[in-house]
Amino acid sequence: MVSAENDSHSTTTEATHSHSTVSNKPHRNIGKSMRTVRSKLFPRDHARCVSDSLTDSLMELASRNNKSVKSSVTEEQLLELSQALSDFSACSSDISGELQRLATVTSSEPAADVGREPEAEVEPCLGFLQRESFSTEIIESISPEDLQPTVKICVDGLQSTSVAVKRSAAAKLRLLAKNRADNRALIGESGAVPALVPLLRCSDPWTQEHAVTALLNLSLLEENKALITNAGAVKSLIYVLKTGTETSKQNAACALMSLALVEENKSSIGACGAIPPLVSLLLSGSHRGKKDALTTLYKLCSVRQNKERAVSAGAVRPLVELVAEEGSGMADKAMVVLNSLAGIEEGKEAIVEEGGIAALVEAIEDGTVKGKEFAVLTLVQLCAHSGRNRGLLVREGGIPPLVALSQNGSVRAKHKAETLLGYLRESRNEASCSSP
């Protein structure tokens with residue numbers, strides 16, 4: 001598996017953070033095109049377009065674990081949908097590249113995170129835990145015979161009475177767990193997990209951030225997932241998701257998603273209250289935070305109860321807004337989650353109520369090749385058994401783009417567009433037969 005650290009592609013490259021997008025839902029009159037409204041609210045800015053995609057390997061894991069949901073979309077088609085989500089490594093730890101920056105600054109120099117006011121205490125200067133500068137290279141150059149005592153020093157440091165020592169120990173465990181599975185195994189076996197979990201509630205934001213990222217990196221090893229959940233980390237990760245810095249929230253979301261790769265964890269994560277803060281991150285997080293929230297919601301919402309929780313928490317409105325948003329690179333991903341929520345009646349109703357049919361018609365007109373596929377698949381979900389929704393689709397001007405898609409789209413898009421046009425003809429024939 002690739003490294004959890006987001007600088008795995010290039011440890012010297014920082015990921016670009018886009019500012020939060022407009023969240024107010026544009027007013028849409030039935031029967032009017034949304035394109036003009038959208039062009040005013042979401043001007044194109046190709047310089048800000050980001051093309052990150054979520055991992056096929058993650059989605060393969062998801063498809064093996066996900067239980068089938070009765071709908072008009074087959075499990076194979078949902079797997080195709082899921083492949084629009086981006087690489088697990090791209091939405092994982094140290095997403096802003098600040099790890100590499102930490103490797104080159106002294107520990108007394110505060111990290112430049114937006115909205116962070118506290119300044120870190122100077123790290124103590126005794127032995128390994130007090131090195132004022134450290135890097136991935138230094139950590140990875142530790143010889144195998146020295147690795148175990150090094151890990152022990154760090155684990156002992158996590159239980160120090162000094163916040164600075166705890167912070168330093170968590171930071172070094174974070175680096176040790178960054179790239180190597182054998183390091184993750186040794187750290188897990190050394191008792192680090194139960195010592196890291198309390199630091200998730202530490203009032204020092206630096207310590208909390210190192211702890212949550214260390215746990216994320218450790219969670220990439222299958223054997224460590226049970227250690228993390230058994231140590232009571234889920235509720236503390238949700239606490240970080242609610243109260244942490246932007247980076248801490250993003251990494252907490254990714255840690256929850258990593259734990260949700262174990263099927264039985266999905267329901268418990270939802271029951272512990274993870275869905276509402278994930279929706280909040282989707283609403284008001286950074287560009288990266290929204291992507292992390294989308295990924296985690298997608299994984300959790302393979303469980304029906306979590307679909308219901310997501311709808312109740314208000315996930316549909318920001319998802320519809322992201323579908324209608326140009327230039328963010330998240331429209332296709334949002335449609336994947338919408339399609340999942342359309343698998344339950346409450347989800348269908350919420351999507352229609354929030355103007356989802358209009359947004360999906362727009363996606364068929366103006367979206368990417370994949371986006372058009374996802375849009376028509378979701379519309380099939382909405383219209384398969386609802387004459388009302390078919391009527392709304394016609395009123396939103398859906399027939400011309402569906403005809404065009406049935407002629408010029410991908411094989412799957414053509415097939416689904418023809419299916420949807422068949423539903424519309426069926427409704428028209430029924431109306432004709434019932435008229436005097």
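Index from 1, following the sequence.
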Legend entry - Verdict with supporting geometry, Ser406 and Glu418, side-chain hydrogen bond (donor to acceptor under 3.5 Å, both in side chains): CA-CA 6 Å; Ser406 70; Glu418 289 166 358; 5.3 Å; no
Legend entry - Pairing of Arg304 and Glu308 as salt bridge, 4.0 angstrom limit: yes
Legend entry - Lys370 bridged to Glu373 by N-O distance under 4.0 Å: yes
To the nearest 0.5 angstrom, please state how far the [atom1] atom of [X] sits from the [atom2] atom of [Y].
X: Leu218; Y: Ile228; atom1: CG; atom2: CD1; result: 6.0 Å
X: Glu349; Y: Leu341; atom1: CD; atom2: CG; result: 13.0 Å
X: Leu281; Y: Asp292; atom1: CG; atom2: CG; result: 7.0 Å
X: Glu396; Y: Leu379; atom1: CD; atom2: CG; result: 10.5 Å
X: Ile238; Y: Ile275; atom1: CD1; atom2: CD1; result: 9.0 Å
X: Arg425; Y: Leu420; atom1: CZ; atom2: CG; result: 10.0 Å

Could you check whether any side-chain heavy atom of [X] comes within less than 4.5 Å of a side-chain heavy atom of [Y], counting everything from C-beta outward?
X: Tyr239; Y: Leu200; result: no
X: Leu322; Y: Leu294; result: yes
X: Lys307; Y: Leu300; result: no
X: Leu173; Y: Leu158; result: yes
X: Leu402; Y: Leu424; result: yes
X: Glu223; Y: Arg184; result: no
X: Ile269; Y: Thr229; result: no
X: Ser258; Y: Lys225; result: yes

Nearest non-hydrogen partners of [X] and [Y], listed with the distance:
X: Val311; Y: Ala350; result: CG1-CB, 4.0 Å
X: Ala274; Y: Leu256; result: CB-CD1, 4.2 Å
X: Leu196; Y: Ala170; result: CD2-CB, 4.1 Å
X: Ala315; Y: Val279; result: CB-CG2, 3.8 Å
X: Asn217; Y: Ala177; result: CB-O, 3.5 Å

Inset, instruction - Go through the steps for Lys414 and Gln407 under the test side chain to side chain contact (heavy atoms under 4.5 Å, CB included), then give the verdict. - result: CA-CA 7 Å; Lys414 285 180 181 179; Gln407 296 170 348; 6.0 Å; no
Please check this pair: side chain of [X] against backbone of [Y], looking for a donor-acceptor N/O pair closer than 3.5 Å.
X: Thr213; Y: His210; value: no
X: Ser160; Y: Asp156; value: no
X: Asn230; Y: Ala226; value: yes
X: Ser340; Y: Val336; value: no
X: Ser268; Y: Asn265; value: yes
X: Asn251; Y: Val212; value: no
X: Arg390; Y: Cys383; value: yes

Legend entry - Arg201 atom CZ, over 12 foreign heavy atoms within 6.0 Å: yes
Legend entry - Within 6.0 Å of NZ in Lys235, more than 12 heavy atoms from elsewhere: no
Scan side-chain atoms only and decide if [X] and [Y] contain a donor-acceptor pair under the 3.5 Å cut-off.
X: Ser168; Y: Lys172; value: yes
X: Asn224; Y: Ser219; value: no
X: Asp332; Y: Thr368; value: yes
X: Ser203; Y: Gln208; value: no
X: Lys348; Y: Ser386; value: no

Inset, instruction - List the steps, then state whether side chain to side chain contact (heavy atoms under 4.5 Å, CB included) holds for Cys202 with Lys166. - result: CA-CA 10 Å; Cys202 181; Lys166 290 178 180 177; over 6 Å; no
Inset, instruction - Please lay out, stage by stage, how Lys372 and Glu365 fare under the test side chain to side chain contact (heavy atoms under 4.5 Å, CB included). - result: CA-CA 8 Å; Lys372 291 178 181 183; Glu365 291 177 324; over 6 Å; no
Legend entry - Criterion side chain to side chain contact (heavy atoms under 4.5 Å, CB included) on Val380 and Tyr423, from CA distance to verdict: CA-CA 9 Å; Val380 167; Tyr423 291 155; 4.2 Å; yes
